[in-house]
Amino acid sequence: MNILFFGPNGSGKGTQGKILKDKYNIAHVESGAIFRDNIKGGTELGKKAKAYIDKGDLVPDDITIPMMIDRIKQDDCKNGWLLDGFPRNKVQSEKLHAALNEQGIKLDYVIEMLLDREIAKNRIMGRRLCENDNNHPNNIFIDAIKPDGDKCRVCGGALSTRADDQDEAAINKRHAIYYDTETGTLASSYYFRDLPDADFKYITLNGEQALPDVTAELISKL
């Protein structure tokens, strides 16, 4: 199955993507990694992208989209892929959709994680890291995984915060892009939602649920 996955920072989209990767043996393709791999590998597209990045400019779609297509045509995507972090605006959605059709690559699902913007921000700012194991889930804004005071709810270890999780201005900036239904990421998602006669399924998920409940809803809809 080939999937586009949309959701704001703080929605748990990455976690759900990994669950799908493991369950269905598909590639979890993150747009940021594609840029890094092309630049590190010195590919022709990577060299072109680096020239823009070094100047602080956005990489044009006519470089980015061929990178995405090249990536999902690799061997590890033969069973399917989940593209995470791209497209980010309506024009990119239009161009990616056209490129997929041109290459004869079938899109099966578009998934949108629904989550209120304030809840998404609180989830990011509420994350706490355990000194013993970063995978011990602790979040002061989620009742099910609320820490034991200032101690890890799993092992009692001391907790800390990541600096970028507490950068409210940066979080607001990322969310302003995502939640923009005119030019932002939601506009990109809605392009697929509103396509007439689409030959793929558009799925929405209630991101306010506990993680296992989101997973259960997702699996039941695929």
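Note: hydrogens, waters and symmetry copies are ignored here, and every other heavy atom, side chains too, is used. Here the structure is a predicted model, which is why all the values come from computation and not from measurement.
At a cut-off of 3.5 Å, with distance as the only test, a side-chain donor of Thr43 or Asn38 sits close to an acceptor on the other residue. Residues Ser93 and Tyr190 bring no donor and acceptor atom of their side chains to less than 3.5 Å of each other.
Other residues, nucleotides and ligands place more than 12 heavy atoms under 6.0 Å from the NZ atom of Lys106. Heavy atoms from other residues, nucleotides or ligands lying under 6.0 Å from NZ of Lys173 number 12 at most. For CZ of Arg88, the number of neighbouring non-hydrogen atoms (other residues, nucleotides, ligands) closer than 6.0 Å is 12 at most. Other residues, nucleotides and ligands contribute more than 12 heavy atoms inside 6.0 Å of the NZ atom of Lys201.
Listed for the Glu131 side chain is a donor-acceptor partner under 3.5 Å among the backbone atoms of Ala158. Listed for the Tyr178 side chain is a donor-acceptor partner under 3.5 Å among the backbone atoms of Gly7. Not a single donor-acceptor pair under 3.5 Å links the side chain of Lys121 to the backbone N or O of Gly10. The main-chain N or O of Met125 is found under 3.5 Å from a side-chain atom of Gln166 such that the two form a donor-acceptor pair. Between the side chain of Gln103 and the backbone N or O of Ile69 there is no donor-acceptor pair closer than 3.5 Å.
Residues Asn9 and Ile124 meet the side-chain proximity criterion, which asks for heavy atoms closer than 4.5 Å. In this structure, the side chains of Arg128 and Thr161 come closer than 4.5 Å at one or more pairs of heavy atoms. With contacts defined as side-chain heavy-atom distances shorter than 4.5 Å, the pair Asn2/Cys77 does not qualify. Considering only heavy atoms from C-beta on, Val110 comes within 4.5 Å of Phe6 through its side chain. Side-chain contact between Tyr24 and Leu222 is present, with at least one heavy-atom pair separated by less than 4.5 Å. Put simply, the side chain of Leu115 reaches to within 4.5 Å of the side chain of Arg123, judged on heavy atoms. In this structure the side chain of Arg153 never reaches within 4.5 angstrom of the side chain of His136, judged on heavy atoms. Using a 4.5 Å cut-off on side-chain heavy atoms (C-beta onward), Leu218 and Ile19 make no contact.
Summarising the geometry of Gly126 relative to Phe141, their closest heavy-atom pair is CA-CD1, 3.6 Å, with the distance given to 0.1 Å. The minimum heavy-atom distance between Lys151 and Gly156, with the atom names listed, is CD-O, 3.5 Å. Closest approach of Asp61 to Pro66, counting heavy atoms only: O-CD, 3.7 Å. Of all heavy-atom pairs between Arg117 and Asn172, the closest is NH2-O, 3.2 Å. In terms of heavy atoms, Thr183 sits closest to Asp180 at OG1-OD2, 2.7 Å. Of all heavy-atom pairs between Ile26 and Gly80, the closest is CB-O, 3.4 Å.
Considering CE of Met1 and CG of Asn79, their distance stands at 10.5 Å, rounded to 0.5 Å. Atoms CG and OG, on Leu114 and Ser11 in that order, are 10.0 Å from each other to the nearest 0.5 Å. Note that NE2 of His175 is 10.0 Å distant from OG1 of Thr185, once rounded to the nearest 0.5 Å. With rounding to the nearest 0.5 Å, the separation of CZ in Phe192 from CG in Leu107 is 6.0 Å. Rounding to the nearest 0.5 Å places CG of Asn138 at 8.0 Å from SG of Cys155. Rounding to the nearest 0.5 angstrom, the gap separating the CD1 atom in Ile140 from the CD1 atom in Ile145 is 11.0 Å.
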**Q.** Trace of the side chain to side chain contact (heavy atoms under 4.5 Å, CB included) decision for Arg162 with Asp167
**A.** CA-CA 9 Å; Arg162 257 175 41 178; Asp167 188 342; over 6 Å; no

Q | CA sep, side-chain torsions, deciding dist, call: Met68, Ser31, side chain to side chain contact (heavy atoms under 4.5 Å, CB included) | A | CA-CA 8 Å; Met68 302 294 160; Ser31 58; 3.7 Å; yes

Q. Are His28 and Leu20 close enough, and set up right, to give a side chain to side chain contact (heavy atoms under 4.5 Å, CB included), and what steps lead you there?
A. CA-CA 8 Å; His28 186 188; Leu20 291 185; over 6 Å; no

Q) Step by step, would you call Ile3 with Trp81 a side chain to side chain contact (heavy atoms under 4.5 Å, CB included)? A) CA-CA 6 Å; Ile3 301 169; Trp81 44 265; 5.7 Å; no

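Using a 4.5 Å cut-off between side-chain heavy atoms of Ile, Leu, Val, Met, Phe, Trp and Tyr, with links allowed through other members, Leu211 and Leu82 fall into different hydrophobic clusters. One hydrophobic cluster, built from ILVMFWY side chains closer than 4.5 Å, holds both Ile219 and Val214. With hydrophobic clusters built from ILVMFWY side chains whose heavy atoms lie under 4.5 angstrom apart, Ile72 shares a cluster with Val59. Both Ile63 and Ile39 sit in one connected hydrophobic cluster of ILVMFWY residues. Membership requires side-chain heavy atoms under 4.5 Å apart, directly or through other members. There is a path of hydrophobic side-chain contacts, each under 4.5 Å, that joins Ile105 to Leu45.
Each of His97, Lys90, Gln92 was scored for a side chain to side chain donor-acceptor pair (under 3.5 Å) with Tyr191, with one residue passing: His97.
For Lys146 and Asp143, the salt-bridge test passes: some basic side-chain N is under 4.0 Å from an acidic carboxylate O. Electrostatic pairing of Asp70 and Lys73 does not count as a salt bridge here, judged by no charged N lying under 4.0 Å from a carboxylate O. In this structure, Asp76 pairs ionically with Arg71, as a charged nitrogen and a carboxylate oxygen lie closer than 4.0 Å.
Cation-pi check for Lys55 over Tyr52 is met; the charged atom lies under 6.0 angstrom from the ring centroid and within 45 degrees of its normal.
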